[in-house]
Amino acid sequence: MSIKPLLIVESPSKAKTISKYLDGEYTVMACVGHIKDLPKKELGVDVENNFAITEEILPDKSSFMKEFKTLAKKTSQIVIATDPDREGEAIAAHIASEVDKDKISRVQFTEITKEGVEEGMNEIHNIDQDLVEARTARRIIDRLVGYKVSRVLWSTLKKNMKFVEVSLSAGRVQSAALRIIVERERLRQAFHSALYYDLKAELQAGDNSFSATLVRVDGKRIAVGKDFDPNTGNLKNDKVLLLSKAQADELVKELTNGNWTVSNVEEKIKNSNPKPPFTTSTLQQEAARKLRSSARKTMRMAQRLYEQGFITYMRTDSTNLSTEGINGARNEIMSRFGKEYLPDQARVYATKVKNAQEAHEAIRPAGVTFVPVDKVRSAIDEDTARLYDLIRKRTLASQMTSAKVKQIAVFIENQKSEFRANGKVILFPGYMAAYVESTDQRNGVTEDQETILPNLEKDQDLNCNALIAEDHETKPPARFTEASLVKELEAKGIGRPSTFANIIDTIVYRTYVTRDQGKLTPTFLGIAVTQLLENHFTSLVDSQFTANMENGL
DNA sequence: CAGTGAGCGAGCTTCCGCTTGACTT
């Protein structure tokens with residue numbers, strides 16, 4: 001006798017949702033990620049024999065496999081709906097290899113909504129062997145590199161550095177990440193700071209005062225930070241004027257009694273567009289900046305939001321919103337902000353990230369009506385509610401109209417010197433009414449901050465309240481934070497959404513890097529490991545290696 | 001003679017990516 005057909009997905013919460021959509025017509029099971037892998041204790045790859053591999057059922061998946069095989073025998077149809085990406089295809093092949101092939105069919109869901117599931121169920125395809133083989137190649141490369149090179153570290157560094165207490169390791173991803181951090185440290189060590197001066201004037205127009213900075217003397221631009229070579233601290237551009245303290249003081253004296261006249265007012269109206277909805281990487285970055293949350297904590301909170309049905313899947317590299325998500329955002333924008341904030345057409349964001357696989361949509365509030373933050377607060381906790389609020393606002397903003405910003409540059413002359421004052425006025429907030437992204441910059445000025453200047457006209461005379469010489473020092477490039485490292489890794493195509501948080505933990509656990517007050521600093525050991533790898537395994541620490549491998553698959 | 005230490009051998013570690021719990025190495 002035959003029982004209900006089986007449907008296999010990766011995630012348990014997905015299983016629950018899909019089971020509901022399918023009205024109990026299927027027994028939906030979750031395999032919870034990979035079910036097979038190379039053996040942990042040995043290489044599992046026969047290099048002599050055309051890279052033949054040994055794969056076995058993972059120890060913690062044996063009970064799932066037992067139950068699955070029992071049910072598989074009793075049913076006539078097994079539908080595999082693992083994620084539509086390279087790893088998902090491999091899982092599908094692994095599952096199929098354990099049961100009667102004739103019962104197997106493969107479907108894919110690109111969004112977990114009622115429509116998305118129905119659509120997916122109607123389109124049956126074969127398991128894509130090319131994708132499966134691509135993942136096998138990826139797995140073999142990672143295993144060979146990881147196990148072989150780690151051994152080299154044990155037999156060299158570990159032997160000669162008795163104080164090293166942890167097991168050393170190297171790998172395609174962790175070694176590239178470590179190198180990025182070490183390279184930054186080298187830049188910092190090679191850095192020579194430079195001292196330069198400019199003048200700042202407090203000017204008065206009628207009842208209003210504002211400040212302006214010296215930009216030119218005698219037609220020659222005043223040197224700023226970027227005009228200096230970071231390796232020497234010397235000027236790299238001889239067309240600019242470097243003011244010494246004495247010259248700056250002299251200039252103050254000359255200008256104090258001169259006349260201040262507006263020489264030009266330039267106004268530009270610019271559109272500012274919202275950022276795309278969150279991916280795993282951008283969510284981790286923003287949660288670090290706005291909520292001071294570590295990558296790991298962010299993912300733990302996002303997991304809970306996902307399990308309780310508050311957000312869509314949290315491990316994704318796609319900025320695409322499903323029709324449901326777009327409708328949800330547009331409905332709320334219309335009712336809360338009004339039609340001026342709603343573009344005629346939904347915004348579409350192209351994914352720019354390298355090696356994106358886009359198996360899921362962007363991270364957004366689930367459903368077609370986005371649950372209010374209060375509901376999350378009472379269901380989970382305050383921190384998680386704040387993360388949800390971030391996701392909710394970012395999703396809304398991504399579908400709102402552009403902001404209109406007026407940028408004003410006022411030029412002021414005094415004899416042969418030219419000063420500049422910048423102003424910014426938001427004429428129409430658009431998406432800024434919902435959400436503005438934070439910045440990694442030291443000054444921390446976000447896009448929605450205005451700088452108000454009084455109304456000024458050409459040839460207008462001004463009074464000067466104060467004129468001072470200001471000293472500035474060039475700063476070395478900042479150490480990486482978790483957030484800026486994740487950004488860099490993603491930009492270089494190193495690692496995947498499911499591993500960004502792990503990569504940082506690995507290099508910290510191996511004591512290659514310390515994490516002090518959010519700053520990632522390489523240790524002596526980390527630098528030594530990187531140097532050894534650079535000398536003997538150049539391509540491994542080359543950040544292009546991963547990207548090139550991906551293209552080759 | 002007894003204690004010390006050089007020298008040797010055995011046994012251990014390790015990758016990336018997919019997914020959750022369990023209690024963090």
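Letters A, B, ... mirror the listed sequences (proteins, then strands); counts begin at 1. This structure is a prediction, so every number in the text was calculated from the model and none was measured.
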- Task: Let me know the distance between CD of A/E307 and C1' of B/dT19, rounded to the nearest Å.
- Result: 11 Å
- Message: Is it true that A/Q174 and A/T506 share a donor-acceptor pair across their side chains at a distance under 3.5 Å?
- Response: no
- Message: Applying a 4.0 Å non-hydrogen cut-off, can you work out what A/R135 is touching in the nucleic acid: base, sugar-phosphate, or nothing?
- Response: nothing
- Message: Nearest heavy atom decides the nucleotide; on that basis, is A/N502 or A/Q174 closer to the 5' end of DNA chain B?
- Response: A/Q174
- Specify the residue among A/E42 and A/D85 whose closest nucleotide of DNA chain B lies further upstream toward the 5′ end. A/E42
- Query: Reckon A/K148 touches a base, only the sugar-phosphate, or nothing at all at heavy-atom distances under 4.0 Å?
  - Reply: nothing
- Task: Between B/dG21 and B/dT25, how far apart are the C1' atoms? Round to whole Å, please.
- Result: 16 Å
- Task: Assign A/A90 to base, sugar-phosphate, or nothing according to its heavy-atom contacts below 4.0 angstrom with the strands shown.
- Result: nothing
- Message: Looking only at the side chains, is there a donor atom on one of A/T384 and A/R300 sitting less than 3.5 Å from an acceptor on the other?
- Response: no
- Touch check for A/K41, heavy atoms < 4.0 angstrom, all strands: base, sugar-phosphate only, or nothing? base
- Task: Remember a base hit wins even if backbone is also touched, and classify A/R510 as base, sugar-phosphate or nothing at under 4.0 Å, heavy atoms.
- Result: sugar-phosphate
- Task: Would you tell me whether A/S63 and A/E67 have side-chain atoms, one donor and one acceptor, within less than 3.5 Å of each other?
- Result: no
- Message: Under 4.0 Å, heavy atoms only, any strand: does A/L144 hit a base, just the sugar-phosphate, or nothing?
- Response: nothing
- Query: Would you say a side-chain N or O of A/S498 is under 4.0 Å from OP1 or OP2 of B/dC16?
  - Reply: no
- Are A/R172 and B/dG17 close enough that a side-chain N or O sits under 4.0 Å from OP1 or OP2? yes
- Message: Testing the 3.5 Å rule here: is there a donor-acceptor pair between the side chains of A/E185 and A/Q189?
- Response: no
- Task: Starting from P on B/dG17, measure out to CD on A/E490 and report it in whole angstrom.
- Result: 13 Å
- Considering only heavy atoms and no angle criterion, is a donor-acceptor pair shorter than 3.5 Å present between the side chain of A/R138 and the base of B/dC16? yes
- Query: For A/K36 and B/dC18, what is the distance between atoms NZ and P respectively, to the nearest whole Å?
  - Reply: 19 Å
- Task: Give A/G33 one of three labels, base, sugar-phosphate or nothing, depending on what nucleic acid heavy atoms sit under 4.0 Å from its own.
- Result: base
- Item | Is_stacked (A/W154, B/dT13) at 5.5 Å, 30 deg | yes
- Query: Roughly, in whole Å, what's the span from CD1 in A/I503 to C1' in B/dC18?
  - Reply: 14 Å
- Message: For A/E111 and A/T113, which I'm curious about, is there any donor-acceptor pair between the side chains at under 3.5 Å?
- Response: yes
- Task: Would you mind classifying the nucleic acid contact of A/Y313 as base, sugar-phosphate or nothing, using non-hydrogen atoms under 4.0 angstrom?
- Result: sugar-phosphate
- Looking only at side-chain N and O atoms, does A/S167 come under 4.0 Å of OP1 or OP2 in B/dT14? yes
- Message: Given B/dC15, B/dT25, B/dC18, identify the nucleotide with an atom nearest to the side chain of A/E87.
- Response: B/dC18
- Going by modelled atom types, is there a donor-acceptor pair between the base of B/dC18 and the side chain of A/R315 at under 3.5 Å? no
- Side-chain donor-acceptor contact under 3.5 Å, A/Y435 with A/E286: yes
